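Data block below; observations after.
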Amino acid sequence: MEISGPRGTRDILPEESYLWQKMENILHQAAQQYGFSEVRLPVFEHTELFERGVGDTTDIVQKEMYTFTDRGERSITLRPEGTAPSVRSFIEHKIFTKAQPTKWYYMGPMFRYDRPQAGRFRQFHQFGIEAFGTSDPDIDAEVMAVMVRIVKTMGISQFQLHLNSVGCPDCRPLYRERLIQYLTPFERDFCGDCKQRFHKNPLRILDCKNPGCQEAVKGHPALSDYLCDRCGQHFEQVKNTLALYGIDYVLNPQLVRGLDYYTKTAFELLLPDLGAQAAVGGGGRYDGLIEECGGPPTPGIGFAIGLERLLTAAQKQNPEAWQASYSPVDVFVVTAENEFAPDACSLLEEIRGSGMKADKDYLSRSLKAQMKFAGKTGARLVIVIGEEEKKKGYFVLRDMKLHEQRQIPADQIIDEIKSILVKPEEEQYAE
RNA sequence: GUGGGCGUAGCUCAGUUGGAUAGAGCACCAGAUUGUGGCUCUGGGGGCCGUGGGUUCAAGUCCCAUCAUCCACCCCA
């Protein structure tokens, strides 16, 4: 009881990893349907990339990064998010010289030094997409469409897409000024954090959860009233295209994403029954980020979705599809006497060669114990080899689900198990 | 970083105002069933009672510390 993994880490054991594979298949497929291609990026980067890319006023950079000095005296950070590394790769490989836009997706572990709680880990997993090189509002809607499609395909029907526009460097300063004007009388009532935010990033006060701050913010001027023409038109077009796609959304003027780089479109996917961790995914447009990171001026938009939370939500809302039940094998070969082990081995290889999952006992157990073990693996079929069978050239094929068995001539056994296992789809779903 | 809850078998938990070899269910192994799983019955293995200190004739039980874990806040995914 002394050995355990580091705080905030988690092992995904076989009964669960099977569900992750199922989820990952959905993610790959959804992204590819919309024309996104996978990039696989390193899990660590130069610390500076995140300081620049994520923004050094953010909580992520200020208190949540796993940063260390490597043996070459370089400051290295385990990636806390996927956008900055994607941007780095886009610039490094001069992808901007190719035909645009560039549509990428990624998935993998992210790291944040936070205190663990329900739905929050120090190593967690995200899926994300990035579209570089176009500021067409249609791509904003498309990015959200990918997110919504994923959630729906997972069998999640209870969710909300919150949408806002946070403006651009042309119009946000004006709004910021108005907001400061409005908030000034309330300054002394703010919580400690918001007193800081008031000077550094007053927009963040809007989504503070502190009741006192919320009260103060109630009648605040809406950012949407201060958007410049370009941002306003962009926002309208995004909403039009979303409508075209049949995607429902909730306009949320309070939505201000935590990362510094967002411009124009900002959105968040909320799930009601995840408690404190209702935010499953979020994203937005970041038209200044690529330039900020040293690339040519290039617009971009993306989102990231938390996979632990996504899976938890799916299990809650669609338990039939996401319960942990998995059979590692289709066929289990059992021997009446230990001496038939060689026959079992060659039969196994034949079954595996035909594309089915098969296994046997490796502990010299009694026939009864082998049967018991076979039952525990969840194998649909058991093949029995013994004296009689070997002499007369047949196998006993037992169907564990139907609780019945038959004698099958040795040369027909492969075809026979195939015909049982490869059944019409409704048979499999009936389980 | 702040606050709260909880640490007894692989898992879920009992354990009386401190008192004798620390229990149950599930799980695991074996047998009842001399060639067959799921049900039933019988038996078996398995506990530094999180760790360190203290109080006491005596600590799983009381006190202190520490670690782990869970939940919430901040923030996020």
Side-chain angles (χ1 to χ4, degrees), chain A residues 1-10 13 54 57-65 79-83 107-128 147 191-194 196-197 201 204 207-211 213 256-259 268-271 274-283 303-313 332-338 340 361 363 365-390 395-405 407:
Chain A
M1 202 28 104
E2 45 182 20
I3 186 130
S4 67
R7 185 154 209 217
T9 63
R10 221 167 64 84
L13 299 175
V54 179
T57 67
T58 59
D59 279 8
I60 290 181
V61 170
Q62 286 191 337
K63 53 180 211 191
E64 293 174 3
M65 292 208 300
R79 62 180 185 191
E81 55 102 54
T83 298
M107 65 178 94
M110 304 291 165
F111 306 85
R112 291 184 201 174
Y113 189 92
D114 222 358
R115 244 168 107 165
Q117 70 186 71
R120 176 192 291 162
F121 308 93
R122 289 183 172 181
Q123 175 174 338
F124 61 103
H125 298 80
Q126 281 187 339
F127 164 90
M147 188 158 81
C191 67
D193 287 335
C194 282
Q196 299 262 313
R197 290 178 183 139
N201 192 351
R204 296 291 301 284
D207 61 1
C208 179
K209 274 66 175 184
N210 186 297
C213 302
V256 181
R257 303 273 313 151
L259 309 182
E268 210 163 68
L269 190 76
L270 301 175
L271 292 172
L274 246 54
Q277 268 62 47
V280 163
F303 77 81
I305 195 162
L307 299 187
E308 282 80 2
R309 292 178 187 183
L310 181 65
L311 183 56
T312 304
F332 200 88
V333 178
V334 134
T335 54
E337 310 293 340
N338 212 23
F340 302 116
D361 168 68
L363 293 175
R365 281 188 262 233
S366 68
L367 178 62
K368 183 186 172 67
Q370 290 178 61
M371 287 300 298
K372 209 172 165 188
F373 185 75
K376 265 180 282 211
T377 66
R380 169 74 188 269
L381 299 174
V382 169
I383 295 174
V384 184
I385 308 177
E387 191 75 50
E388 267 305 286
E389 288 83 352
K390 197 163 181 198
F395 295 111
V396 167
L397 180 65
R398 180 171 179 82
D399 188 319
M400 300 293 267
K401 199 164 124 192
L402 304 179
H403 317 289
E404 59 186 33
Q405 60 187 47
Q407 296 180 356

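By convention in this document, chain letters (A, B, ...) are assigned in the order of the sequence lines, proteins followed by strands, and residues within each chain are numbered from 1. This structure is a prediction, so every number in the text was calculated from the model and none was measured. Side chains are part of it too, since the values below use all heavy atoms of this structure and drop only hydrogens, waters and symmetry mates.
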Comparing nearest nucleotides in RNA chain B, the 5'-proximal residue of the pair A:Ser366, A:Gly282 is A:Ser366

Side-chain N,O (A:Lys368) to OP1/OP2 (B:rA32) below 4.0 Å: no

Aromatic A:Phe111 / basic A:Arg79 pairing, under 6.0 angstrom, 45° off normal: no

B:rC71, OP1 or OP2 - any side-chain N/O from A:Arg115 closer than 4.0 Å? no

Tell which nucleotide pairs with B:rG60, taking only Watson-Crick or G-U wobble pairs whose two distances are both under 3.5 angstrom. none

Nearest-angstrom distance, P atom, B:rC67 to B:rC11: 23 Å

Answer with base, sugar-phosphate or nothing: what part of the nucleic acid does A:Arg122 contact at a heavy-atom distance below 4.0 Å? nothing

Looking at A:Arg7, does any N or O in its side chain come under 4.0 Å of the phosphate oxygens OP1/OP2 on B:rA68? no

Report yes if a side-chain nitrogen or oxygen of A:Gln117 is closer than 4.0 Å to either non-bridging phosphate oxygen (OP1 or OP2) of B:rC71; otherwise report no. no

Establish, with yes or no, whether the OP1 or OP2 oxygen of B:rA27 is under 4.0 angstrom from a side-chain nitrogen or oxygen of A:Lys372. no

B:rC76 and B:rA9: how far apart are their C1' atoms, nearest whole angstrom? 39 Å

Using the P atom as the point on both nucleotides, what is the distance between B:rU8 and B:rC73, in whole Å? 27 Å

If you check every side-chain atom of A:Arg398, which of B:rU36, B:rA77, B:rC70 has the closest atom? B:rU36

Euclidean distance, A:Lys401 NZ relative to A:Arg380 CZ, rounded to 0.5 Å: 4.5 Å

Integer angstrom distance from the C1' of B:rG19 to that of B:rG60: 13 Å

